[in-house]
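Chain A is the first sequence line, chain B the second, and so forth, proteins listed ahead of strands; every chain is numbered from 1. Only heavy atoms go into these numbers, but all of them, side chains included; no hydrogens, no water, no symmetry mates.
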Amino acid sequence: MSQERKAERYEPGGLERRWQERWEAGSVFAVHRDETRRKCYVLEMFPYPSGNIHMGHVRNYAIGDVVARFRHMQGFNVMHPMGWDAFGLPAENAAIKNRSHPATWTYGNIDTMRAQLKRLGCSYDWSREIATCRPEYYRWEQLFFLRLLEKGLVYRKKAPQNWCPSCHTVLANEQVVEGLCWRCESRVEQKELTQWFLRITAYGDELLDDLSLLEGGWPERVLTMQRNWIGKSHGASLVFDLEEPVGDVKSLEVFTTRPDTLCGVTFLTLAPEHPLVEPLMRGRPNEAEVMAFVARIRDMDRLDRQSDLLEKEGIFTGAHVVHPLTGRRVPLWLGNFVVADYGTGAVMGVPAHDQRDFDFAKRYGLDIRVVIVPEGEDPAGIALTEAYTGPGVMVQSGRFDGLPNEEGKRAVATYLESTGHGKATVQFRLRDWNISRQRYWGAPIPVAYCEKCGLVPEREENLPVVLPLDVKISEDGRSPLPTTPSFVDCVCPSCGGPARRETDTMDTFVESSWYFARYTDARNDRSAFSMEELSYWLPVDQYIGGVEHAILHLLYSRFFTKVLRDMGLFPADLSEPFTCLLTQGMVLKDGGKMSKSKGNVVGPTEMIDRYGADTVRLFCLFAAPPERDFDWSDAGIEGASRFLNRVWRLFVEERDMLVPMVACGAGSGDAVSEGGTSLRRKEHQTVKKATQDIGERFQFNTAIAAVMELVNAMYLAREALAGTEADRRVFSSAMATVLTLLSPVTPHLCEELWERMGHGESVYHQPWPVWDEAALARDTVPVAVQVNGKLRATISVPAGTDKEGMERAALADEAVQRHIKGMAVRRVVVVPGKLVNVVVG
RNA sequence: GCCUGGAUGGUGGAAUUGGUAGACACAAGGGACUUAAAAUCCCUCGGCGCGAGCCAUGCGGGUUCGAGUCCCGCUCCGGGCACCA
């Protein structure tokens, strides 16, 4: 092959490197606040620096880059940053394994992954890059912590905690998945510990209510998941007096969603962990027996305990409470099905109207009292085989008899409030967020313990409390902080005497709860960010990431946004951090997750080496719509590569036809050959479809398909083109359109051909093309003709033909005549410009 | 159990408000070019039927001139929540 022809081949490797260097040298993607321009903040969830990017990252960032480049070309001032969620346990595990340091491992991985990421050619403003493990980042988090502490939104509490024995740390409720650690899948144990909590429950109502602001911008299922997680239920808190006080305690509180069934209460059940159990049982004859039951249930595995196969089990305490309405004696039981940390850890037993209570009563021979019956039914005649939970009227309920039970809920609560025995209330499933971690590689909690002053917050001017890097990582995985004197021994911020530093670090989800705000002012060393930058850039207009973060990260970020707003650190009118959310599907291989153990991992770097980044990006976007999972296909990426070669070849082979021309640039008045007119129409159709598919529906696959069609049309059209000036313009315009529309997907190739076409400026700075409706017009339109709903012919009529004309043309068709022969035409339905349906019978 | 999303050719997927089901690709088969291969180009490609045509969007009903799309009842698969009182 001659040198000349070789030079004309599409060789992505060098081409892509060249363009990446040019973008970087020209700081093409650096952005600044510009109040005169509309902004658009496009953000992909930042990666954990695990060591190598995988196809999931590629898909995520390819989607984000298309959105960012597309919005930029539409004229928005686009911010598109990237950074590293760099604290976390894997760094410590790797350090133990490699006998290195978590910092070394983490920073090394960041360098590797940054280089890999840069080869993808995404339009990131790298000048805003952050790594959450740097003091310049976490110092602001420590400041937030102190402010939250001041506000009472951070507090310390001793409580049974989720403890992962393998990670040697506690876990938030959100991090326990089916009783297992979310990261290592060890069985989570319960351990009594004093921990730091963020009062997320104080924002429960707002976190729930504001989900409605996200309607339309967020996937419905993510909203549902958040609603479920917050789990608000309306009901009443009811007070039952103890027959005999236990110490100072004279009454028991229960939460119920069914105050209307109060008169059906025949027993009360406490969780075995209820704080009253021990004092209540002390000195009772059955103390030993009951406490043995408590110990047995408490020691049960969390997973088994939560299993729905677990049989309901309980034990009578011997004590009684007094029914707040009837004054009846109600026996007090313990039950294994009562959850200690929901509601008050005590429930009223209404066997007639709650299936759990029904099962429990059957097993232990407890009374069943029917107090709700379907309208018009006689309670005496009812023999229950299961609890009745439907609607009805209240019976055997004294003053409330005859009341519809829905009204009764309110009536009972109101009445008890007047007697001091209850009130209407709400319960949340959401728990406060335990942010203490007994780990080394995390942000230090900026407090100290002084023998004289007790717990003392660090002074703000002393921040950051720097995580010491000169520590020895122990083999057993325990944090080295408690045994590092240079860290532990500190000066009391209050009295200046000797003090001990808090050695727990913060949950890494704290870092990721506000990073999107730091990007707006990433190099600010006087504060976390400035109000000017925040007000301009926030909220994030489009957030993109995996659905696995639907609860944890997204809930925490929403919470932080509201807290920072209320502390005056975020704009007062900013309530939600992410206006629109796109949850992308996974990249699978052979129907399953890619994993090292299965040996089915497809590495992005190998693929880029082989095909180029443009091809990898193109395939990831073309294979499926972004929300859906898709299977990696070696044949599929070949196809993507073939298409880009096809574009390249078309350009090279028709180089003589091409003149510098912007997209949709051929004037509408141009008289061109027949092939040219239809090509021009196709071009504008493609612009319309691609613009709508990318901008309104995130259907990158169909947008790409549309461009493929245009390229196919150009291949066909070139036969018909005569080489006249007009033809040249039409063809050049189509080529410019292909390059412009494709440039967000395959930026390198498009830049190269754009330049070769004779344009001075980068295609990135081109305005997104606008289609001309007039160019879509055609002289004749195809019309489908049905007889009784079945397609019988396709005819062509002049554009703008009226209904009568279409009907006439349809009935004149030979095939139609054949099908209606001998039958009466009962009706003709005409859809102008599209379809005629002749109804015969 | 409750809440969700989904099921369309051999495959990934199109069909945007009810209006020509299968766009665009992948795979497969046939052909052209070539000494040969690769690359490229052309043709076929849901099923049945020689054909006119008939049947087809998980299954069964319904609404409608017309249903992949709407309604009712199921089946299967995925995700979330769950003795939450």
Do [X] and [Y] make a side-chain contact, defined as non-hydrogen atoms from C-beta onward lying under 4.5 Å apart?
{"X": "A:K589", "Y": "A:D631", "result": "no"}
{"X": "A:R792", "Y": "A:V785", "result": "no"}
{"X": "A:L710", "Y": "A:L679", "result": "yes"}
{"X": "A:T615", "Y": "A:I637", "result": "yes"}
{"X": "A:V294", "Y": "A:L334", "result": "yes"}

> Are more than 12 heavy atoms from other residues, nucleotides or ligands located less than 6.0 Å from atom CZ of A:R655?
Replying inline: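 Enclosed.
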>> Counting only heavy atoms from other residues, nucleotides and ligands, does the tally under 6.0 Å from CD of A:E215 exceed 12?
In response: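 Count over threshold, so yes.
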Using the [atom1] atom as the point on both nucleotides, what is the distance between [M] and [N], in whole Å?
{"N": "B:U11", "M": "B:C48", "atom1": "P", "value": "15 Å"}
{"N": "B:A7", "M": "B:G13", "atom1": "P", "value": "10 Å"}
{"N": "B:U35", "M": "B:A25", "atom1": "C1'", "value": "34 Å"}
{"N": "B:U4", "M": "B:C70", "atom1": "P", "value": "15 Å"}
{"N": "B:C65", "M": "B:C72", "atom1": "C1'", "value": "23 Å"}
{"N": "B:A27", "M": "B:A36", "atom1": "C1'", "value": "25 Å"}
{"N": "B:G1", "M": "B:G66", "atom1": "P", "value": "38 Å"}
{"N": "B:A23", "M": "B:U44", "atom1": "P", "value": "13 Å"}

Contact class for [X] vs. all strands (heavy atom < 4.0 Å): base, sugar-phosphate, or nothing?
{"X": "A:F643", "result": "nothing"}
{"X": "A:F630", "result": "nothing"}
{"X": "A:G639", "result": "sugar-phosphate"}

Could you state the atom-to-atom distance from [atom1] of [X] to [atom2] of [N] in whole Å?
{"X": "A:D631", "N": "B:C77", "atom1": "CG", "atom2": "P", "answer": "19 Å"}
{"X": "A:E273", "N": "B:C83", "atom1": "CD", "atom2": "P", "answer": "13 Å"}
{"X": "A:D629", "N": "B:G5", "atom1": "CG", "atom2": "P", "answer": "16 Å"}
{"X": "A:I637", "N": "B:U11", "atom1": "CD1", "atom2": "C1'", "answer": "17 Å"}
{"X": "A:L555", "N": "B:G80", "atom1": "CG", "atom2": "P", "answer": "16 Å"}
{"X": "A:H549", "N": "B:G80", "atom1": "NE2", "atom2": "P", "answer": "14 Å"}
{"X": "A:E638", "N": "B:A38", "atom1": "CD", "atom2": "C1'", "answer": "12 Å"}
{"X": "A:D634", "N": "B:A25", "atom1": "CG", "atom2": "P", "answer": "20 Å"}

Of the listed nucleotides ([options]), which one gets closest to any side-chain atom of [X]?
{"X": "A:Q692", "options": "B:U16, B:C83, B:U20", "result": "B:U16"}
{"X": "A:P625", "options": "B:C81, B:G13, B:C84", "result": "B:G13"}
{"X": "A:K790", "options": "B:A15, B:G19, B:C54", "result": "B:C54"}
{"X": "A:V339", "options": "B:C84, B:C81, B:U20", "result": "B:C84"}
{"X": "A:R429", "options": "B:G19, B:A23, B:A82", "result": "B:A82"}
{"X": "A:N837", "options": "B:A15, B:U20, B:C65", "result": "B:C65"}
{"X": "A:Q699", "options": "B:C83, B:A14, B:U20", "result": "B:A14"}
{"X": "A:I551", "options": "B:A15, B:G80, B:U20", "result": "B:G80"}
{"X": "A:T224", "options": "B:G19, B:C3, B:A85", "result": "B:C3"}
{"X": "A:R818", "options": "B:U4, B:A52, B:A85", "result": "B:A52"}

> Given A:L252, which of A:V239, A:L238, A:L332 fulfils the side chain to side chain contact (heavy atoms under 4.5 Å, CB included) condition?
Replying inline: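 That would be A:L332.
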Below 4.0 Å: OP1/OP2 of [N] and any side-chain N or O of [X]:
{"X": "A:N701", "N": "B:A14", "answer": "yes"}
{"X": "A:R221", "N": "B:G5", "answer": "no"}
{"X": "A:R792", "N": "B:G66", "answer": "no"}
{"X": "A:N712", "N": "B:A25", "answer": "yes"}
{"X": "A:S233", "N": "B:A85", "answer": "yes"}
{"X": "A:H353", "N": "B:A85", "answer": "no"}
{"X": "A:R356", "N": "B:C84", "answer": "yes"}

> Where does B:G6 fall, syn or anti, if syn means a chi angle no more than 90° from 0?
Replying inline: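 Anti, which is what one calls it when the glycosidic angle falls more than 90° from 0.
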> How does RNA chain B look in dot-bracket form if you count Watson-Crick and G-U pairs under 3.5 Å, write [ ] for pairs that cross, and put | where a base pairs with another strand?
Replying inline: (((((((..(((......[....))).(((((.......))))).(((....)))..(((((..]....))))))))))))....
>> For a quick check under 3.5 Å, do A:T389 and A:Q355 share a side-chain donor-acceptor pair by atom type?
In response: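 On atom types as modelled, these side chains do not qualify, holding no pair under 3.5 Å.
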> Looking at A:W229, is A:R429 sitting on its ring face, NZ or CZ under 6.0 Å from the six-membered ring centre and within 45 degrees of the normal?
Replying inline: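 Yes.
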>> Quick check: on RNA chain B, is the nucleotide nearest A:N228 upstream (toward 5') of the one nearest A:E220, or the reverse? Name the residue that is more 5'.
In response: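 Of the two residues, A:E220 wins.
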> Between A:V839 and A:V831, who's closer to the 5' end of RNA chain B by nearest nucleotide?
Replying inline: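 Result: A:V831.
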>> Apply ring-ring contact (aromatic ring centres under 6.0 Å, His included) to residues A:F643 and A:F619 and explain how you reach the verdict.
In response: CA-CA 10 Å; A:F643 170 67; A:F619 176 63; over 10 Å; no
> Shortest non-hydrogen contact from A:Y342 to A:F428?
Replying inline: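 Shortest heavy-atom separation between A:Y342 and A:F428 comes out as CE1-O, 3.6 Å.
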Would you list the protein and nucleotides 41-44 of chain B atom pairs, both N or O, that sit under 3.5 Å from each other?
from: B:C41; atom 1: OP1; to: A:R646; atom 2: NH1; distance (Å): 2.6

> Do the charged groups of A:R649 and A:E654 touch, with an N to O distance under 4.0 Å?
Replying inline: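 Looking at A:R649 and A:E654, the cut-off is not met.
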